[in-house]
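Have a look at the structure below before the remarks.
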Amino acid sequence: MNSFRYTKMHGLGNNYIYVNMFEENLREEELSKLAVEVSNINTGIGSDGMILISPSEVADVKMRVFNNDGSEAKNCGNGLRCVAKYSYEHGIANNTSFKIETISTIVEATVHVENNIVNQVTVNMGKPIFRRSQIPMIGNDQEYAKDRILFEEKSYEFSAVSMGNPHAVFEVSDIKTAPLTTLGPIVEKHDLFPESVNVEFIECLPHNEINFVVWERGSGVTQACGTGACAATAAMIQEGKYKRDEPITVHLQGGDLQITWSTDGDIWMKGPAVTITEGIYYTQRGVK
Ligand SMILES: N[C@H](CCC[C@H](N)C(=O)O)C(=O)O
């Protein structure tokens, strides 16, 4: 029987099993299946996926993200805040601001500390990508990718944005009636998206507020999606609904994120990170 230590953390209810690879050494070929195993609420620990906190050659720490279907993701906003919290509290990072490497980018995180505990984290998520070919999304290459999908005799228009990972953002009049669990999985695997896609339904409110629900690529409905909140905010500012440099409050099912797209081009995300529990996971897999 093999075992390894884990920490379960969440960002607005978007929860993952975090493994400190400075101390553990899980085998590369087992990672995808292990993510599926630990995410199972009945036979595993239960989570939206697994996140590895590893040494980096180009930043202070590296984050690798596996969805609960075992697919590896290129970025994760809620995961970045939890990795920042963990790294600071466990002495992996020695300053309150430091760099985190992901598959798609290197971001700068700043932890907000009270009595040596990190409750809030601000992350510079870098620049949103709108070019169709870079989402990636098939079709004629546009600078700002909008398209529409017919579903149950209604036409749903969406904007495509990448935050290092792909997002299809649907603006609807009321998210309570959005076809999240019906249209969400169809769009996730739609032929338009060669690498699949995360699917957000949003409702634009006055006073710089957005209501938001998400069907995540590789995990289904989650309580929150940090990169999705950034993607949705960028799309709505691009469409003139809100302004650059003004903080937008995104109301996700698990709580609020503050997203600001600055005129210098970077998107800033501020929100909570919470440690739920830590323990030892036992597995039949040859993980070491
Ligand atoms: N499902 C996403 C990864 C997790 C993103 C989300 N949990 C976040 O907080 O950004 C993908 O496959 O691109």
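Because the structure is a prediction, the values reported are computed rather than measured. Whatever order the structure lists ligands and atoms in, that order sets their numbers, starting from 1. Position 1 is the first residue of the sequence, and the numbers go up from there.
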Please tell me whether [X] and [Y] have a donor and an acceptor in their side chains that are separated by less than 3.5 angstrom.
{"X": "Ser159", "Y": "Glu239", "result": "yes"}
{"X": "Asn15", "Y": "Ser47", "result": "no"}
{"X": "Asp48", "Y": "Asn68", "result": "no"}
{"X": "Gln258", "Y": "Thr249", "result": "no"}
{"X": "Asn211", "Y": "His251", "result": "no"}

Contact residues of ligand 1, where a non-hydrogen atom lies under 4.0 Å away: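 Under the 4.0 Å cut-off, ligand 1 touches Asn14, Tyr16, Asn67, Ala73, Asn75, Cys76, Gly77, Asn78, Asn165, Asn198, Glu216, Arg217, Cys225, Gly226, Thr227.
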Residues passing the side chain to side chain contact (heavy atoms under 4.5 Å, CB included) test with Gln142, sequence neighbours excluded, are Arg132, Asn140, Ala145
